Structure formats: C-alpha cells, structure tokens
4 protein chains.
Amino acid sequence: MARLKSEDKRNSILSAAVEVFAERGLAAPTAAITTVAGVAEGTLFTYFRTKDELVNTLYREIKMELADAMMSGFPRKASVRHRLQHVWDQYVEWGIAHEKQHKVLRQMMVWEGLTGDAKAAGSAPFVEIDAMAQDAVAQRLVKDLPRPFIAATMSALADTAIDFARQDPKRAGMYQVSGFEMLWAGIARRS
Amino acid sequence: MARLKSEDKRNSILSAAVEVFAERGLAAPTAAITTVAGVAEGTLFTYFRTKDELVNTLYREIKMELADAMMSGFPRKASVRHRLQHVWDQYVEWGIAHEKQHKVLRQMMVWEGLTGDAKAAGSAPFVEIDAMAQDAVAQRLVKDLPRPFIAATMSALADTAIDFARQDPKRAGMYQVSGFEMLWAGIARRS
Amino acid sequence: MARLKSEDKRNSILSAAVEVFAERGLAAPTAAITTVAGVAEGTLFTYFRTKDELVNTLYREIKMELADAMMSGFPRKASVRHRLQHVWDQYVEWGIAHEKQHKVLRQMMVWEGLTGDAKAAGSAPFVEIDAMAQDAVAQRLVKDLPRPFIAATMSALADTAIDFARQDPKRAGMYQVSGFEMLWAGIARRS
Amino acid sequence: MARLKSEDKRNSILSAAVEVFAERGLAAPTAAITTVAGVAEGTLFTYFRTKDELVNTLYREIKMELADAMMSGFPRKASVRHRLQHVWDQYVEWGIAHEKQHKVLRQMMVWEGLTGDAKAAGSAPFVEIDAMAQDAVAQRLVKDLPRPFIAATMSALADTAIDFARQDPKRAGMYQVSGFEMLWAGIARRS
DNA sequence: GATGAATGAGTCTTCATTCAT
DNA sequence: GATGAATGAAGACTCATTCAT
C-alpha cells in the first residue's frame, strides 16, 4: 500500500499557515508556509488542491476550535445573561490567547474567496448559541432585533475588546468586563 | 505650455481605484485601475509615484470626505447625546450611500502599508469628535472608559449597522436607529 | 518667422549629457539629461531625433574637442619623437582635465550603436597624426607595424596613464612620462 | 527526490549569458538569455537570485577560466622574460579563442555593479603573476614602476593585440608577437 | 507519497518618444 | 519652438502549480 497522507504533515501545514498568514497576510506565498512547516513546496498541494482550498479549510478549522472553546463548560441551565457572558468571556479569552488564529480569522472573514460551504460549516457549531439568542428574544429578555444582527454586534464588540486587551494587556480584564457590560446594556430590555 | 497635470485625470484614477479596490481588493493590479480610468498604464505613475502612494492618498481623501460628511451640520451646542447621534447618523448614512468608499476604507485600515503620515492626516479631522468624547466623559454622562475604546466601539457598531443596512435595505432605518440605541445604552451612565 | 533652434539649448543638452553619462552610464534616462540641462523632456527631441542620435552627435563633438586639444601647438617641423610626444602629452592632459568627456568617450567606443558615419567623422581630424605615423614608418624610425595598430596601442597606453593619473594625482606626472617612455621604447627601432 | 538543481542547466544559463551579453551588452534582457539557454524565464532565478548576481557569478567564472588558461604550463623556473611571455601568450591566445568571453569580461570590468567580493575572487588566481612582477622589479630587470600600472599596461596592450588579431586573423601571430615585444621593450631596463 | 526544480502568466514600474497646449 | 503629460512596450522578478525523479 502506498504511504498514507500523514495527519501530522497536514497539521503542520495548517499551523504554519496560521503563523505565516497572521504575520504577512493571506497574500503570503505558499512557499513561506511550507518553509515554516518544514515540508517541500509541492507537499502542500497533495494536502490541499489549491491555496484557496487551504484557506477555506483553515477557516473551518479555526472556527471549530473557536466553537470548542466557546462551548466548553457552557452553563446550559444558567440565566440568559450568564450564558451570554460565558460565551463572551470564552471568545475574548480565546482571542487573547490565540492571537494569531484570531487575526487570521478576521482576515478570512473579509476575504472574497470563502466558499459558501466553508461559511456554512463555520457557522454550524454556533447553533446552540443561536438557539439561546432565539430563546432570549422570545422571553423578551432581549430586544426584538434580528438574531444575526445581535450576533454580529456581539462579534464586533468582542473583537474590539480583544484588540484593546492585546495592545494594553494590563487593562485586559477591564476591556473584557466593560465590553460585556456595554453589550448587555445594549441588547437587554430595560426592566 | 504642455497639458497640465489635470485634476480631472487624477480624480478619475482615484475613483477608478475605489471602484476596483472595492471589487477586487487592494491587491488588484494597477492596470485594472487605469483601464477603468480610461488612461494608459503609465499615466497612473505620473500622478502617484507608486501603488502604495496611491493607496495612501486614497486613504486620506476618503477620510476627508467622511469627515466632511460627519461634521456637516454638526450641532455644536446640542446635548452630548444629540451630537453623538448626529455623528452616528452621518457616518451610517455615508457608509450606506458610499458603499465602495466604505468597503475600501475598511480594507485600508487593516492594510500594513499605511504610512504614519497618512494615518495622522486621516485622523486629524476627527479632533472635534474626540473633544466631544472627552467632554462627555468629563461631564460624567458617559462611562469612564478610555476614549479610543469608546471610539473603536462606536466604529465597530456603526460598521455592523452599515453592513446590515446594505444587505437588508428595507430595514436600513431600523439598523441605524437600534444600532445607536445600543451604543448609547452601552456607554451612557445609568441615570 | 518661427523661433530658431537655439544653439545655446543644444549645447546645454550636450553638456548635460556628458555630465549624466559620465556618472550614470549611457543607459541613463533622457529625462535625467533634460533635468540637468534645465529644459523640458520633449525639448531634447527637437534637437536630436532619438537618444541614439544624441549619443552619436556627442561622440563626434567630443572627438572634435579632443582633436583640437591634441593638434593645438602641434610642432609640425619637430622630430618624430617630439611630435609624437606632443600628441601624447596633449591627450593625457586632456584626459585628466576633461575627466567626464574622457569617460564618456570610452563608453561610447564600446557602445554598439555608433554609426559608421560617426566613426568616420570622429577619426577625420586625426589624419595629420596618421600622416605623421606613416612618415615615421617610412623613415624607419618606427617599427614596421600597421598604423592602426600603433594608434590603438598608443590609445591604450594613454588611457591607462590617464586612469592612473586620476586615481593617484600626486604621481600624475610620472604616469604621463613613463607611459610615453614605454610607448616610445615599444615602437621605436633600436638605433 | 525531485530533480536536483542541475549543474548542466546552470551552465547552459551561464553560457547563454556569455552569448547574449557578448552580442547585445550587459543590458540584454534576461528573457533573451533564457531563450538561448532553452529554459523558462523563471528558471534563471532559481539559479541566480537576481540579474546582478548572474553577472557577478559570470565574472568570477570567466576570470577563473582565464586564470586556468594563463597558468597552465607556467614555467616557474624560467627567466622573467619567459615567464612573462608565457602569460602574455596564454592570455592573447585565450582572448582569440574565447572571443565572447573576452568581450563580456571587458564589459564587466567597466560595469558598476561588480561586488567587492567578485572583484577579490576574480583577482585571487593572479597572485602568482603579481609575485613574478614583484620579483622582476626587485631584480631590477624591469623598470621601477608601480606593479598595478605594469599590470594594467600589459592588459591594455594584450587587449589591443587580441582585437587586431580578431579583425585580421591572418596576421594574428604578428600582433601577438610584436605586442609582446612592445611590452618588453617598454618595461625592461636597458641593459 | 515527498521533493523541489521548472514553468510562464502576471505585476509594478521605467522610459523613449509623441503630441496637445 | 517649448513644454511636460500621456503613452505603452519592455523588463526584472514573483509565485501558484505541475511533474520528473
């Protein structure tokens, strides 16, 4: 039997890509990636047909990691506010801890080459969060706004908090906390 | 005397650049720009020494247009909330009306080639807004947060509102209004 | 009547060309020449149809200046050795004093664009020297070698002397004198 | 393993460069070289990072070949005159036999892009000749002139002899012989 | 499967020359 | 005639992708 494609090699390419894209943007040459990955230039193309496919795959993988991080320890039974805060905290903390992944993710989100597939696969793991949002709206705890708009708002605020936490690590906690307060104040109904 | 460097031609190159960058990203070839502008490839380089210089110039120009839009009719004597809302509304409306400029601006803001000069020139016209923010914090109308953080939050929320208004124009007004309400609820002190 | 082409302008272009070619080689852009000459880019082309024509013209002009220098005070009636030495000294001194012209001349001599015309015109003023050489060979003062070979040898030695005099000006006189001695020893018949 | 960078291909590029530079000057396009070499345009750049590097490499290689030619059969124990004549003959014969290399070498010697490294590497193989010259001066066989001046004179005369031998091949031997006689007469002390 | 040399289309930029003013 | 902006054909170099080994 022929040698099997090695999961290891695939993974080194993927993490090299994170490294390189974070530092040099998505326009970085594939050769830079293979160098960092310690494989030959051609090897990349046995694991990913094209550079675009690599990026799309990477998008999915990072989204999955992020979803894992966000859902780990999700307090299914807590109040909406607590559940939302859990999600917020996990995202912000992940963004700070995984600076490169976060940077690359943001580049990919404004990249014009993402396939519909990748987008769908990337958002799949967030169904539970969406369910929570739906629930919250239904319970009239949260303003009656389109859910995607709420989600986007949350993302935007969290990314901002992450950026500031990175630049000014001493006040990271403050950005994280007040970001969430702003979010909650913004979307919760006044009691 | 020979043909003078025409302001017109410079402007067609600049608007062609907006067109092309909005559609194909900053990596679009200069030849695509000159084609759209209806000039020869070389002509671009009599107006801008390099592609980077073109992008930096474009950044400044768009920032100035945006500043003009945002400050036009600024109600200097109105309440903080009204002044803030004015700025918000103007920005969101500009972003909707000038879709391409807005897209390009966002690409340029994450571009690594912006010169310090361009950044400085681009933020200069916003001093008045910053003054307002400082004022608002001093008056304890607004939470005591770092001003750049407030500004970034506002940007992030406004960009989100613009995106949604674009995708779903029928509810554009709703996104604009509720976006601002979220912002205000988020940053204003509870009375 | 239309304005006449100005001899002045033509000359500033020609000397600017010397300046620029000496420093940057014959590949220097015509725009560099017009800048130094203080005229518009297009003006060069009303005096010289193409860049090649400019170079060919320059070749002729420098050759003429050189011939003037070499023949000035030529001691028609002196001995062969004295006449030859006069020519040698004048050439070497001209080369040292007109460093740029000399450099440019040497570049043009290995340039592939020189027209036959220019070459002919350039060598015309040297007939008298050639006559002297012919005379010297006939009188059996000088070895029986093809005259162009003698001329080329002299040029080569003189250029070498000029180069060393330029690099090491304190010993300029020594290079000039021993260069000539080498030439004479090389070509004169042993008595 | 993949195709290894082939010494053959490197060499065809290098000899194509000689071909092309000899005919069209150092300004010839790299594409002309790759066409002659029978490889793709990009291939040149896997062997030489830049065009300048190619030229510098070529300089070294030609200088080495020349040194080999000049030193082959060098009669270490013969008289100064014989040793010098050996060097002269070998150089002139090499120049005649390797017309293109000789032409290109002369262009490279007046080229402004040669690195110090290349110059040093190029002159290294000639130490033995320099030692001989030093020896000759010390023994008072040769006039007391700066060695570099003697070397340059020899070069200049040899290049002249080569040029004439090429244009007039029937008398090649005569140019070679009388060139050397002129050199020796020029630099030897009169006994 | 892995390797990395080979490929050639594509990119920015330069520059001799033209031509509207 | 003078000016200098306009032109577009090169030219050096890059890089995703292929393919011989």
Side-chain angles (χ1 to χ4, degrees), chain A residues 1-6 9-10 27-35 38-54, chain B residues 1-6 9-10 13 27-34 37-54, chain C residues 1-6 9-10 27-35 38-54, chain D residues 1-6 8-10 13 27-35 37-54:
Chain A
M1 197 185 8
R3 246 167 303 176
L4 290 172
K5 285 195 214 178
S6 117
K9 214 155 272 187
R10 198 185 113 101
T30 52
I33 296 170
T34 54
T35 300
V39 301
E41 287 187 41
T43 301
L44 190 153
F45 294 91
T46 76
Y47 290 90
F48 308 95
R49 246 178 346 195
T50 63
K51 189 186 185 185
D52 277 23
E53 187 180 304
L54 165 65
Chain B
M1 216 199 312
R3 269 165 291 182
L4 288 175
K5 239 187 267 194
S6 100
K9 201 152 288 184
R10 198 186 113 100
I13 292 170
T30 52
I33 297 170
T34 53
V39 300
E41 289 190 35
T43 300
L44 191 153
F45 296 93
T46 74
Y47 289 89
F48 308 95
R49 252 182 337 222
T50 62
K51 188 187 184 183
D52 277 24
E53 187 180 303
L54 165 66
Chain C
M1 202 192 352
R3 247 167 303 177
L4 291 172
K5 285 195 214 178
S6 121
K9 214 155 271 190
R10 199 186 111 99
T30 53
I33 297 170
T34 53
T35 301
V39 301
E41 287 186 41
T43 300
L44 191 153
F45 295 90
T46 77
Y47 290 90
F48 308 95
R49 248 179 340 195
T50 64
K51 187 186 185 184
D52 277 24
E53 189 181 303
L54 165 66
Chain D
M1 217 200 308
R3 267 163 294 182
L4 287 175
K5 242 189 265 195
S6 102
D8 266 21
K9 200 150 288 184
R10 196 187 114 102
I13 292 171
T30 53
I33 296 170
T34 54
T35 301
V39 300
E41 290 190 34
T43 300
L44 192 153
F45 297 93
T46 75
Y47 289 90
F48 307 96
R49 251 181 336 219
T50 62
K51 188 185 184 185
D52 277 24
E53 187 180 305
L54 166 66

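Worth saying up front: this structure is predicted, and the values here are computed from it rather than measured. Convention: sequence-line order gives letters A, B, ...; per-chain numbering from 1.
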- Rounded off to whole Å, could you give me the CG-to-P distance for the D:Asp8 and E:dA6 pair? 11 Å
- Query: F:dG11 P sits how many Å from D:Phe45 CZ, rounded?
  - Reply: 12 Å
- Item | D:Ile33 CD1 to F:dA12 C1', straight-line distance once rounded to whole Å | 11 Å
- Query: For F:dA2, does either OP1 or OP2 sit under 4.0 Å from a side-chain N or O belonging to C:Tyr47?
  - Reply: yes
- Message: In this structure, how many angstroms lie between the C1' atom of F:dT17 and the CG atom of A:Leu54, rounded?
- Response: 14 Å
- Distance test, side-chain N/O of C:Thr46 to OP1/OP2 of F:dG1, below 4.0 Å: no
- Note on the structure: Here the distance between atom P of E:dC15 and atom NZ of C:Lys51, to the nearest Å, is 8 Å
- Would you mind reading off the distance between B:Phe48 atom CZ and E:dC12 atom C1', rounded to a whole angstrom? 16 Å
- Of C:Glu41 and D:Arg49, the one whose closest DNA chain F nucleotide lies more 5': C:Glu41
- In whole angstroms, the gap separating P of E:dC12 from CG of B:Asp52 amounts to 10 Å
- Message: On DNA chain E, does the nearest nucleotide to A:Thr43 precede the nearest nucleotide to C:Gly42 from the 5' side, or the other way round? Give the residue.
- Response: A:Thr43
- Distance test, side-chain N/O of C:Lys9 to OP1/OP2 of F:dA2, below 4.0 Å: yes
- Tell me: CG of B:Leu44 to C1' of F:dA6, nearest whole Å? 13 Å
- Item | A:Thr30 vs F:dC15: side-chain N/O to OP1/OP2 distance below 4.0 Å | no
